[in-house]
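The structure under discussion appears below in the form of structure tokens.
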Number of protein chains: 2
Amino acid sequence: MSNEEKSIITERNLGKSLEDYIEAVYDLHKEQGQARISDISSRLGMAKPSVNAAIKRLSALGLVTHERYGDVDLTPDGVRLAANVRHKHNVLLDFLVRLIGVDPDIAENEACSIEHSLCDDTMTKLEAFISKYDNH
Amino acid sequence: MSNEEKSIITERNLGKSLEDYIEAVYDLHKEQGQARISDISSRLGMAKPSVNAAIKRLSALGLVTHERYGDVDLTPDGVRLAANVRHKHNVLLDFLVRLIGVDPDIAENEACSIEHSLCDDTMTKLEAFISKYDNH
DNA sequence: TTTGCATGTTAGTCAATGCTAAAATTTTTT
DNA sequence: AAAAAATTTTAGCATTGACTAACATGCAAA
């Protein structure tokens with residue numbers, strides 16, 4: 001598989017908004033086995049019609065499935081993308097909190113903003129830096 | 001001056017878009033003493049009417065002045081805000097390129113995305129981290 | 001000075017993304 | 001099973017921020 005092909009899934013095709021939604025679906029399924037519109041709505045603090053519209057967009061992109069009045073679930077492509085975003089979030093949070101000392105609540109928000117802007121390659125380099133730093 | 005008052009100027013009141021525009025005005029004035037709509041347009045790769053609309057927004061916020069068919073210039077508040085964004089950009093670029101080894105062209109783009117998401121306090125902490133790291 | 005090109009502005013459109021109010025459907029309770 | 005509550009969806013709207021096409025203005029060259 002070429003790098004271009006791989007990047008179709010994980011690199012920034014979605015904006016911040018859709019990435020936040022898909023990440024919430026991913027987290028909720030891990031935590032409670034399902035992700036209803038209301039769950040996503042309260043998790044992200046968005047009105048339910050906004051969530052509904054976003055899920056429709058994600059569904060059109062083949063990243064989630066959604067039966068009327070039913071559960072929202074990730075497709076395999078959706079899982080890959082969401083896991084990648086989640087991973088970036090975790091690495092950034094670790095860097096901000098542990099290495100440079102940002103308050104965890106602020107870091108949580110900032111990681112959430114930044115995670116959509118860094119490419120896979122940069123993230124890999126950041127992880128390598130953190131490892132090296134941890135081993136002095 | 002309270003922290004809240006100071007933050008009115010420098011903290012994230014503008015979105016990424018307007019911050020990019022004001023940063024371009026700041027840079028162009030430093031480089032060539034003026035920033036015309038066309039200069040900003042080619043610098044940012046935006047159509048001129050888009051620039052025009054953005055400058056109107058910045059003008060309504062009291063951050064730039066703009067005479068019809070004339071030069072765009074920063075107000076004192078605009079200078080403060082733009083210098084702050086520029087500074088964040090430079091710190092992030094340095095971190096990405098020198099500390100973690102990102103390609104300069106990619107780092108330039110990523111710094112440009114991230115600079116709008118990090119608060120002043122986090123930036124201060126990042127600068128402190130870089131200093132400490134440089135002095136081993 | 002007049003013509004023509006560069007620059008700036010206006011007008012109209014579009015996509016993304018959010019909202020509220022109200023209708024439809026499902027689930028729960030009695 | 002019927003009524004009530006919760007959930008989801010639809011419909012309609014607002015804002016941001018981008019675009020193109022067309023018009024207006026300013027400057028420079030002939």
Side-chain angles (χ1 to χ4, degrees), chain A residues 11-25 28-29 31-74 78 81 85 109 112-113 115-117, chain B residues 12-25 28-29 31-74 78 81-82 85 109 112-113 115-117:
Chain A
E11 293 275 335
R12 4 197 17 267
N13 310 308
L14 278 53
K16 163 167 175 42
S17 171
L18 289 187
E19 283 189 10
D20 283 343
Y21 284 112
I22 204 174
E23 193 180 359
V25 173
L28 286 164
H29 262 275
E31 291 167 23
Q32 54 187 233
Q34 65 172 355
R36 292 169 310 156
I37 296 288
S38 286
D39 298 327
I40 305 167
S41 169
S42 38
R43 172 66 58 101
L44 296 179
M46 299 290 206
K48 283 179 284 185
S50 307
V51 176
N52 209 266
I55 295 302
K56 224 173 242 174
R57 291 197 294 274
L58 287 173
S59 177
L61 294 170
L63 297 171
V64 305
T65 55
H66 183 214
E67 273 176 289
R68 274 176 74 85
Y69 295 96
D71 180 48
V72 179
D73 204 353
L74 296 167
L81 198 148
V85 174
N109 282 329
C112 196
S113 296
E115 70 194 8
H116 314 289
S117 302
Chain B
R12 358 194 24 266
N13 309 308
L14 278 51
K16 161 167 176 42
S17 171
L18 289 187
E19 283 189 10
D20 283 342
Y21 284 112
I22 204 173
E23 193 181 358
V25 173
L28 286 164
H29 262 275
E31 291 168 23
Q32 55 188 232
Q34 64 172 355
R36 292 168 310 154
I37 297 289
S38 286
D39 298 328
I40 304 167
S41 169
S42 37
R43 172 66 59 103
L44 297 179
M46 299 289 207
K48 283 179 288 183
S50 309
V51 177
N52 208 265
I55 296 301
K56 223 173 241 174
R57 274 178 264 142
L58 287 173
S59 176
L61 294 170
L63 297 171
V64 304
T65 54
H66 182 214
E67 273 177 290
R68 273 176 75 87
Y69 295 97
D71 181 48
V72 179
D73 205 352
L74 297 166
L81 198 148
V85 174
N109 282 330
C112 195
S113 295
E115 70 195 9
H116 314 288
S117 302

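This is a predicted model, so every value here is computed, not measured. Chain letters run A, B, ... following the sequence lines, proteins first and then strands; every chain starts at 1.
Remark: S38(A) is in phosphate contact with dT8(D), judged by side-chain N or O atoms under 4.0 Å from OP1 or OP2. Residue H66(A) places no side-chain N or O under 4.0 Å from the OP1 or OP2 atom of dT8(D).
Atom CG of D39(A) and atom C1' of dA6(D) are 13 Å apart (whole Å). Regarding L14(A), its CG atom lies at a distance of 13 Å from the C1' atom of dT17(C), rounded to whole Å. Straight-line distance from the CD atom of Q34(A) to the C1' atom of dT7(D): 12 Å, rounded to whole Å. The interatomic distance linking I37(B) (CD1) with dC23(D) (P) rounds to 21 Å, in whole Å. Going from atom CD1 of I55(A) over to atom P of dT9(D) covers 10 Å, rounded to whole Å. Distance OH (Y69(B)) to P (dC23(D)): 14 Å, rounded to an integer number of Å.
Stems are defined here as 3 or more consecutive Watson-Crick or G-U wobble pairs with pairing distances under 3.5 Å; those involving DNA chain D are C:1-30 with D:1-30.
Side chain of R36(A), nearest nucleotide from dT7(D), dT7(C), dT9(D): dT7(D). For K56(B), the listed nucleotide lying nearest its side chain is dT10(C); candidates were dT10(C), dG8(C), dT25(C). For P49(B), whose side chain is taken as the heavy atoms from C-beta onward, the closest listed nucleotide among dG8(C), dT9(D), dA11(C) is dA11(C).
In the displayed structure, E67(B) atom CD is contacted under 6.0 Å by at most 12 heavy atoms of other residues, nucleotides or ligands.
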>> Show, in sequence, the C-alpha distance, side-chain angles and deciding distance for L18(B) and L61(B), and conclude whether the side-chain contact (heavy atoms from CB on, under 4.5 Å) test is met.
In response: CA-CA 11 Å; L18(B) 289 187; L61(B) 294 170; 4.1 Å; yes
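S59(B) contributes no side-chain N or O that, together with a main-chain N or O of T65(B), makes up a donor-acceptor pair within less than 3.5 Å. Between the H116(B) side chain and the S17(B) main chain, no donor and acceptor come within less than 3.5 Å of each other.
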Pull out every protein N or O sitting under 3.5 Å from an N or O of nucleotides 16-18 of chain D, one pair per line with the distance.
residue: dG17(D); atom: OP2; partner: R57(B); partner atom: NH1; Å: 2.8
residue: dA18(D); atom: OP1; partner: S17(B); partner atom: OG; Å: 3.1
residue: dA18(D); atom: OP2; partner: S17(B); partner atom: OG; Å: 3.2
residue: dA18(D); atom: OP2; partner: Y21(B); partner atom: OH; Å: 3.2

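L14(B) places a side-chain heavy atom less than 4.5 Å from the side chain of L63(B).
Of the N and O atoms on the side chains of H66(B) and N52(B), not one donor lies less than 3.5 Å from an acceptor on the other residue.
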